[in-house]
There are 2 protein chains.
Amino acid sequence: MNVSNASKYLEDHGINATYQRAIIYSYLYKKKNHPTADIIFNDLKKKVPTLSKATVYNTMEYFHKNNIVQVLTFEDGVRHYDADTKTHIHFNCKQCGMIYDFHTNIDFNNINGIDGFDIDKRFINFEGICKNCKMEKTK
Amino acid sequence: MNVSNASKYLEDHGINATYQRAIIYSYLYKKKNHPTADIIFNDLKKKVPTLSKATVYNTMEYFHKNNIVQVLTFEDGVRHYDADTKTHIHFNCKQCGMIYDFHTNIDFNNINGIDGFDIDKRFINFEGICKNCKMEKTK
DNA sequence: TTTAATGCAAATCGTTTGCATATCT
DNA sequence: AGATATGCAAACGATTTGCATTAAA
């Protein structure tokens with residue numbers, strides 16, 4: 001998704017598409033690695049030297065409130081962002097730090113005893129050692 | 001679980017059971033509401049006025065490393081602690097803030113495409129409006 | 001010309017650390 | 001004594017806020 005498509009996407013979701021918002025959304029959409037605000041800021045600063053870290057934080061929070069990004073937190077407590085808002089599994093490798101997506105075949109609509117609760121969001125986060133790091137070890 | 005049982009439990013898990021550790025573990029075990037370090041500190045300070053917040057943080061981290069507590073993070077990013085280390089679902093009510101436990105009937109061992117990954121921990125966090133808050137609304 | 005968004009720096013808040021004191025063996 | 005744990009205050013790092021400036025409607 002390029003910046004112009006991102007603008008369109010934002011407008012379609014009722015979000016005033018400024019240059020910063022569009023470039024941030026475009027970046028997040030393309031990067032599938034669930035970056036933190038700090039990573040987004042440092043990458044985009046190269047293209048947009050005037051960009052402020054506060055704008056990144058505020059923009060992500062704004063996107064989040066408008067339901068176009070997910071906020072992910074793992075055990076380290078740092079917020080990661082994901083442009084894919086559908087329910088899916090995240091696997092966080094505790095060795096390399098990579099976050100993998102798995103679009104799940106699990107049905108979360110039939111949990112014992114949860115009747116009467118309105119579930120808006122489902123986060124399924126796994127932690128362990130990824131395939132890659134396991135292979136590195138056996139080399 | 002009282003303080004003396006907590007001591008025993010800690011020793012059984014290879015943890016040097018000091019007074020602070022035992023009282024903190026006992027508190028956490030009894031409270032089923034997944035408190036933050038701050039809440040633990042403020043509650044226990046009443047009983048143990050000399051208690052330090054750093055001790056609470058360090059102790060929880062130590063328990064966590066020794067696998068007798070789980071660390072839970074929700075969208076707000078604050079760490080919550082849980083003495084139940086088994087995989088179970090947490091439901092965080094975004095209205096009243098309550099965190100509910102659901103011991104799940106779901107089988108997480110058969111996820112599409114995750115073969116070759118070593119999964120150590122599974123966090124399943126739901127967010128929405130709890131039964132109680134829903135009832136309040138319709139009054 | 002009014003409203004909304006940005007950028008910067010300072011403030012805030014949760015958490016960690018350094019170090020002196022206390023506790024336990 | 002020697003090792004480990006605690007308490008306090010300072011440091012730290014992620015995030016938020018206040019406010020002046022800029023861009024957009």
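Numbered from 1 within each chain, the chains take letters A, B, ... in sequence-line order.
- Rounded to an integer number of Å, the gap from CG of L10(A) to C1' of dA24(D) is 16 Å.
- The distance between atom OH of Y62(A) and atom C1' of dT16(D), rounded to the nearest whole Å, is 18 Å.
- In this model, the phosphate group of dT23(C) is not approached by any side-chain N or O of Q20(B) to a distance below 4.0 Å at OP1 or OP2.
- Aromatic rings of Y100(B) and F117(A) (six-membered ring for Trp) have centroids within the 6.0 Å cut-off, being under it.
- One can place CD1 of I39(B) at 10 Å from P of dG14(C), the figure rounded to the nearest angstrom.
- dT17(D) atom C1' lies 16 Å from atom NZ of K53(A), rounded to whole Å.
- The side chain of S52(A) contributes no N or O atom lying less than 4.0 Å from OP1 or OP2 of dT6(C).
- Of the two residues near DNA chain C, T18(A) and N16(B), the one whose nearest nucleotide lies more 5' is T18(A).
- Taking the side-chain contact (heavy atoms from CB on, under 4.5 Å) definition, one finds that N58(B) meets it with A54(B), sequence neighbours left out.
- Atom pair K65(A):NZ and dA5(C):P shows a separation of 12 Å (rounding to whole Å applied).
- Side-chain atoms of H34(A) and D101(A) include a donor-acceptor pair closer than 3.5 Å.
- Between the side chains of N92(A) and H80(A), no donor-acceptor pair of N or O atoms lies under 3.5 Å.
- Protein atom CD1 of I24(A) is 12 Å distant from nucleotide atom C1' of dG7(C), rounded to whole Å.
- Counting only heavy atoms from C-beta on, V78(B) has its side chain closest to dT15(C) among dA9(D), dC8(C), dT15(C).
- Protein atom CE of M60(B) is 13 Å distant from nucleotide atom P of dT6(D), rounded to whole Å.
- Within the structure, every side-chain polar atom (N or O) of Y57(A) is placed at least 4.0 Å from both OP1 and OP2 of dT16(D).
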Between E75(A) and H64(B), is a side chain to side chain contact (heavy atoms under 4.5 Å, CB included) present by the stated rule, with each step listed?
CA-CA 10 Å; E75(A) 282 187 309; H64(B) 179 220; 2.8 Å; yes
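- Looking at heavy-atom distances under 4.0 Å, D38(A) makes no contact with the nucleic acid at all.
- One can place NE2 of H64(B) at 17 Å from C1' of dG14(C), the figure rounded to the nearest angstrom.
- Residue A37(A) places its side chain closer to dT15(D) than to any other of dG7(D), dT17(D), dT15(D).
- T50(A) comes within contact range of the sugar-phosphate backbone alone, with a heavy-atom separation under 4.0 Å but no base atom that close.
- Residue R79(B) has no polar side-chain atom (N or O) positioned under 4.0 Å from OP1 or OP2 of dG14(C).
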